[in-house]
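Please read the structure below before turning to the comments.
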Amino acid sequence: MEEYRYKKVLLVDDSEIDNFINSKLITKTHFAKETIEKLSGSAALEYLKTECKKADSLPEVIFLDIMMPVMDGFGFLDEYDKLPDLIKDTCKIIMLSSSESFKDLNRANSSRLVNKFLNKPLSEKALEVIKF
Amino acid sequence: MRFLLPETPKASSRQRSTDLSDENFKRLIEAMHEGVLYSDNNDKILYVNNSFCELTGYSYDELVGRIYSDFLIAGKDRIMMESKVLLRKEGIGDQYELQILRKNGELVWTMVNGIPIQDDEEKVIGSMGTYSVITEVKKTEKRLKAINQELNTFIYKLSHDLRGPVASIKGLANLARTEILDPESLNYIELISKSVHRLDSILTDLLEIVRIKENAIYTESIAMETLVDSILHSISPQEDLKKMKFTIRVEAGLNFVSDKKILSAVIHNTIDNSIKYKDSTKDVNIFDLVICTYHTGIRIIVDDNGVGIPYNIHEKIFDMFYRGHIDSKGTGLGLYIVKNGVEKLGGSIHMESEPEIGTKFVIDIPTIFN
């Protein structure tokens with residue numbers, strides 16, 4: 001039986017198709033055993049708050065899309081920052097963008113909450129080199 | 001009162017008195033469509049014509065004797081006006097745009113043509129200006145700028161937003177390729193994949209263009225060897241590059257101050273052009289890249305033995321969306337990006353090409369001094 005690199009990852013993206021692609025790729029490459037999909041920043045925040053109360057149930061990695069309606073990726077980060085330290089110490093955030101926008105890249109890189117910035121679509125290659 | 005044009009300070013007084021009397025000058029000025037204002041060296045109004053009164057909304061008596069810079073000019077323009085007065089005192093005339101504050105508080109844009117007035121000893125005793133109303137021109141200019149800006153934003157947003165779904169299709173095709181076994185379906189997937197990659201390149205190029213046109217230049221010291229290295233790695237697909245016999249010669253330790261992203265786009269697209277238009281009938285496809293110091297900046301030479309460019313289209317190859325070859329795989333934007341990038345960096349580009357022999361680009365870019 002092949003080992004999974006992570007137990008659980010959370011996908012935050014308003015596009016169901018992109019969540020489908022990413023979740024497929026993540027399980028196929030054994031990047032993680034379980035993927036949770038949330039279609040908005042607020043739904044993801046709620047999820048994190050709930051899981052925080054259970055033991056050992058938080059996702060280890062969060063894939064966060066930048067372009068989302070109402071609350072975009074950066075808006076999510078502002079709210080995420082207010083969450084308990086337990087969450088922030090457990091989860092690593094990877095920001096995803098399809099724009100290759102330098103502005104986004106700079107903003108993501110300068111945020112202490114973001115561990116990595118990747119372009120969409122996610123690829124096997126990109127997942128391979130992720131190490132925290 | 002004598003009017004002397006600054007360009008001809010030595011015009012003989014004899015000519016003036018025979019051809020046009022002072023009286024005729026006055027009548028001409030009074031009839032002029034443009035506003036005319038004559039003032040002494042202390043900005044005191046000595047004379048205005050009828051058109052000037054109409055322009056400002058003041059009567060002749062309300063204007064003459066007053067200091068015009070005190071009430072006809074908006075605060076923000078007063079410093080500029082002081083420099084104009086100094087110019088006049090040195091006997092120099094010039095043209096500039098100025099907002100006039102009307103009696104009713106409105107601001108009106110005018111084009112001013114100011115000249116110094118000299119006495120018989122050629123001493124400057126005041127200045128005279130003609131004022132043409134250009135409110136409409138200004139409005140149009142403002143509107144054009146706004147439309148242009150909006151258009152660029154639109155293209156940027158459009159290319160930006162389209163990339164989301166394009167990335168999704170790319171992702172789906174990648175997944176499908178690994179899961180679908182039926183060869184016929186797989187063939188369709190490959191074709192979809194190819195098309196979506198092409199669409200993606202067009203969007204990337206469009207974004208690049210808007211970025212070059214709109215963004216301010218950001219200068220930094222660039223290690224050219226490192227930059228060229230990263231450009232070669234970003235050529236896609238890498239196999240196309242590997243198939244070429246390329247020589248890279250970058251002057252050792254060359255550092256250059258310019259905008260890295262724009263410079264990178266220029267070099268990338270020039271190399272890409274050589275790769276795209278290689279001559280498949282030749283046994284070896286060559287391109288040489290040379291980067292060296294040149295005057296205050298650098299010279300970039302990209303030389304290939306590709307298909308070459310027919311003489312009749314030499315003029316067109318830098319045009320937007322122009323594709324000069326029958327099996328062009330490009331977007332038609334590559335050399336347009338190169339040209340725009342080079343222009344933005346204040347450089348120049350020169351092309352030599354012979355069909356079936358090859359093409360050579362020589363790009364000179366000056367160092368940007370802050």
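Sequence lines set the chain letters: A, B, ... in the order given, protein chains first and strands last, and positions in each chain run from 1.
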[X] side chain to [Y] side chain, donor-acceptor N/O pair below 3.5 angstrom:
X         : Y         : answer
Glu251(B) : Thr293(B) : yes
Ser57(A)  : Glu51(A)  : yes
Lys28(A)  : Thr178(B) : yes

If I take atom CD1 from residue Ile301(B) and atom CD1 from residue Ile291(B), how far apart are they, to the nearest 0.5 angstrom? 10.0 Å

Return the set of residues passing ring pair (Phe, Tyr, Trp, His ring centres under 6.0 Å) with Tyr156(B) (not counting sequence neighbours), or none when no residue passes. His160(B)

Can a donor-acceptor pair be found, under 3.5 Å and without considering hydrogens, that links the side chain of Asp259(B) to the backbone of Tyr218(B)? yes

Output the residues of residues 11-27 of chain A for which the shortest heavy-atom distance to chain B is under 4.5 Å, in residue-number order; output 'none' if no such residue exists.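 Listed by number, the contacting residues are Ser15(A), Ile17(A), Asp18(A), Phe20(A), Ile21(A), Lys24(A), Leu25(A).
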
Give, as side chain, backbone, both or neither, the part of Leu172(B) having an atom under 4.5 angstrom from any heavy atom of chain A.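 Contact with chain A involves both backbone and side-chain atoms of Leu172(B).
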
